[in-house]
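Below, chain A is the first sequence line, B the second, and so on; all start at residue 1. A quick note: this is a predicted structure, and the numbers were derived from the prediction, not measured. We use all heavy atoms of the structure for the numbers below, so side chains are in, but hydrogens, waters and symmetry mates are not.
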2 protein chains.
Amino acid sequence: MKATDVALICKALGDSNRLQIIELLSTGEKCACKMLEKFEITQPTLSHHMRILRECALVNERKEGKWTHYSLNCSTLSAYRDFITGLTCDAATQKECGC
Amino acid sequence: MKATDVALICKALGDSNRLQIIELLSTGEKCACKMLEKFEITQPTLSHHMRILRECALVNERKEGKWTHYSLNCSTLSAYRDFITGLTCDAATQKECGC
DNA sequence: TTTTTATATTGACGAATATCTATATGTAAT
DNA sequence: ATTACATATAGATATTCGTCAATATAAAAA
């Protein structure tokens, strides 16, 4: 995963509502109408956030009749996790802070 | 680490320049003047980015004469890493995508 | 003490963002 | 066909953001 993709994902997660949405979706696929109940935002605002989360490929969307179901995109999430996991302090910095 | 702290860090990493700064610092402590050479931004802009990275505690600062040296904050980085690592798809979502 | 060097702060500006209301679109039920 | 429901889009607005030029501060060198 490229650094620009990572930055885009970080920007998406940099909003508290969107981070909470991701945490909610980590418990499983959710319908937009159910998600709306959990947040103090209007329906258009939720729709806006979901578009941002989709555009950076963090979430998938599944339409079923008039409902839209959202779920985490496993591969994007895991690539992102791998990138962040790779961000570590060098040996000297670690020695300095004693961690 | 609280979700609001995570969101703040994500927001900080949501700018390409700042993400590259973190990647640079992961190779060890750097002086601001050396960092400036690596990016196509002015000195005040770098100073601005470093303030944001310090305010979310991702980086430490060490003053030595007229120089300022920046390094990653191990404990913040590791707490952040742990949070992101904990973000996983649920079993059903994983089954669906076949990962 | 004057000058140079490294960094921070201020103030300005255009671009991007989060949010809302109002409205449109699409689907199912009556 | 009409109505009700779920979601998306459009347009508006206030706020935040990234950047720069100009200036301030602070430390070392001359």
Under 3.5 Å: donor-acceptor pair, side chain of [X], backbone of [Y]:
X: A:Glu29; Y: A:His69; value: no
X: B:Ser47; Y: B:Pro44; value: no
X: B:Thr93; Y: A:Gly28; value: no
X: B:Thr27; Y: B:Leu24; value: yes

Between B:Ser47 and A:Ile52, just flag the one whose closest nucleotide in DNA chain C comes earlier from the 5' side.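 Nearer the 5' end of the strand: B:Ser47.
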Heavy-atom pair with the smallest gap, counting every atom of B:Arg18 and B:Ile52: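 The pair with the smallest heavy-atom distance is NH1-CD1, 3.4 Å.
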message = Quick check: closest heavy atoms across B:Asn17 and B:Ile41, and the distance to 0.1 Å?
response =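 Distance-wise, the nearest heavy atoms are ND2-CG2, 3.8 Å.
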(message) When you compare the side chain of A:Phe39 with that of A:Ile21, does any pair of heavy atoms fall below 4.5 Å?
(response)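 Yes. Closest side-chain heavy atoms under 4.5 Å.
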- Message: Within the 4.5 Å heavy-atom criterion, are B:Thr88 and A:Arg81 side-chain neighbours or not?
- Response: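 SC-SC contact between B:Thr88 and A:Arg81 confirmed.
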Can you give the first and last nucleotides of DNA chain C, 5' to 3', that have an atom under 4.0 Å from a heavy atom of chain A?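 Endpoints of the contacted stretch of DNA chain C: C:dT17 to C:dA28.
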With B for base contact, S for sugar-phosphate-only contact and - for none (protein heavy atoms under 4.0 Å), nucleotides 19-30 of chain D reads BBBB----SS--
Task: Gap separating the OG1 atom of A:Thr42 from the CG atom of A:Leu36, nearest 0.5 angstrom - done: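 The OG1 atom of A:Thr42 sits 8.0 Å away from the CG atom of A:Leu36.
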Residue pair A:Asp82 / A:Thr85, side-chain donor-acceptor N/O under 3.5 Å: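 Note: A:Asp82 and A:Thr85 side chains miss the donor-acceptor criterion.
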Near DNA chain C, under 4.0 Å by heavy atom, which residues of residues 18-37 of chain A?
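Contacting residues: A:Arg18.
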- Task: Give the rounded distance in Å between these two atoms: CZ of A:Arg51 and P of D:dA8.
- Result: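 So the two atoms are 9 Å apart, to the nearest Å.
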